[in-house]
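Below, read A as the first sequence line, B as the second, and so on, with proteins coming before strands; counting in each chain starts at 1. Fair warning: this is a prediction, and the values are worked out from it, not measured in the lab.
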2 protein chains.
Amino acid sequence: MPGLSAQCCDLLHIRQNVAANVERTMPSEDALFELSELFKTFGDSTRIRILFCLFIDEMCVCDIANLLGMSQSAISHQLAVLKRQKLIKARRDGKAVFYSLADDHVRTIINQGMDHVNE
Amino acid sequence: MPGLSAQCCDLLHIRQNVAANVERTMPSEDALFELSELFKTFGDSTRIRILFCLFIDEMCVCDIANLLGMSQSAISHQLAVLKRQKLIKARRDGKAVFYSLADDHVRTIINQGMDHVNE
DNA sequence: TGAGCATATGAACAGATATGCATATATTAT
DNA sequence: ATAATATATGCATATCTGTTCATATGCTCA
């Protein structure tokens with residue numbers, strides 16, 4: 001097959017249906033972007049530690065900062081990231097803002113990741 | 001309570017058991033590192049697209065590069081990242097190296113993420 | 001052995017990102 | 001209103017990361 005294997009091994013051509021299946025099952029560009037953004041959000045140990053705090057109970061910024069031994073600013077920045085991704089929600093009570101998990105999906109995803117790590 | 005609320009609201013002190021529960025359930029530093037590294041690996045749309053390819057079938061580097069319209073080098077680098085995380089495995093067949101999913105855990109985690117995105 | 005193809009890899013660079021610092025906003029109490 | 005506290009946010013920066021380019025390695029065939 002001259003011409004077909006110009007810049008690649010021609011093994012793909014042997015299984016043409018594979019390429020079609022990839023095309024069919026590959027999510028849209030938007031979905032791929034959102035998916036990777038979601039995982040990127042989990043891909044930072046500070047944010048993961050924040051989520052483990054919120055697994056226990058809702059907490060204000062300062063509580064989290066104290067528990068994790070980090071600055072208020074660092075925590076607030078990361079809470080903003082988590083909120084932008086709709087993984088957590090905020091509730092103001094006087095001067096304090098209490099953060100909590102947006103839904104239990106978050107817990108499921110993290111636990112799934114933990115399962116993979118623990119083995 | 002003078003002294004106790006020096007650098008933070010003292011709300012945490014009201015629920016002392018919360019702090020204890022956080023301590024108890026927070027994974028070790030090593031586990032947190034591995035967990036965030038795992039999610040970090042999923043946090044790139046190129047790597048996710050590679051995984052969606054491998055959901056269909058094992059593939060050589062060049063197949064993937066062609067399917068995704070990216071350079072051989074870029075794909076090879078990302079395959080190395082995925083392999084370092086033990087998410088995929090490699091099998092050499094002559095000049096080609098075929099990559100495939102290491103286990104079905106990968107599929108589960110990605111699907112879980114997709115569920116969260118699709119709603 | 002040498003040519004050619006598939007893949008791996010190191011260096012460099014551009015773009016992203018987590019944190020600290022300074023400061024703004026919001027709420028409460030005096 | 002003023003002060004004090006809790007949080008948010010813009011900017012600067014050091015670090016990390018994805019891609020490209022050039023080249024090395026590994027395999028096959030003539």
How many Å lie between [atom1] on [X] and [atom2] on [N], as a whole number?
| X | N | atom1 | atom2 | answer |
| --- | --- | --- | --- | --- |
| Glu58(A) | dT7(D) | CD | P | 12 Å |
| Arg92(A) | dA8(D) | CZ | C1' | 9 Å |
| Arg91(A) | dA6(D) | CZ | C1' | 14 Å |
| Met70(B) | dA8(C) | CE | P | 15 Å |
| Ile88(A) | dT7(D) | CD1 | C1' | 13 Å |
| Phe39(A) | dA16(C) | CZ | P | 22 Å |
| Lys40(A) | dT17(D) | NZ | C1' | 10 Å |
| Leu32(A) | dG18(D) | CG | C1' | 17 Å |

Self-check item: Heavy-atom donor-acceptor pair, His77(B) side-chain to dT7(C) base, under 3.5 Å
Solution: no

Quiz item: Below 3.5 Å, does any donor atom in the side chain of Gln72(B) face an acceptor in the base of dA6(C), or the other way round?
Solution: no

Mind checking [X] for me? I need base, sugar-phosphate or nothing, with any heavy atom below 4.0 Å counting as a touch.
| X | answer |
| --- | --- |
| Ser76(A) | base |
| Lys83(B) | nothing |
| Ser73(B) | base |

Quiz item: Between dA6(C), dG18(D), dA6(D), which one does the side chain of Asp44(B) approach most closely?
Solution: dG18(D)

Quiz prompt | Nearest listed nucleotide, side chain of Lys95(A), among dA18(C), dT27(C), dA6(C) | solution = dT27(C)

Is there a side-chain contact between [X] and the phosphate of [N], meaning an N or O under 4.0 Å from OP1 or OP2?
| X | N | result |
| --- | --- | --- |
| Arg47(B) | dG18(D) | yes |
| Tyr99(B) | dA6(C) | no |
| Ser71(B) | dT20(D) | yes |

Quiz item: Where do Phe33(B) and Ser36(B) come nearest, in terms of heavy atoms and distance?
Solution: O-OG, 3.0 Å

Exercise. Please tell me which of Gly94(A) and Gly43(A) maps to the more 5' nucleotide of DNA chain C, matching each residue to the nucleotide holding its nearest heavy atom.
Key: Gly43(A)

Please check this pair: side chain of [X] against backbone of [Y], looking for a donor-acceptor N/O pair closer than 3.5 Å.
| X | Y | result |
| --- | --- | --- |
| Lys89(A) | Lys83(A) | no |
| Ser76(B) | Gln72(B) | no |
| Arg47(B) | Leu82(B) | no |
| Lys40(A) | Lys40(B) | no |

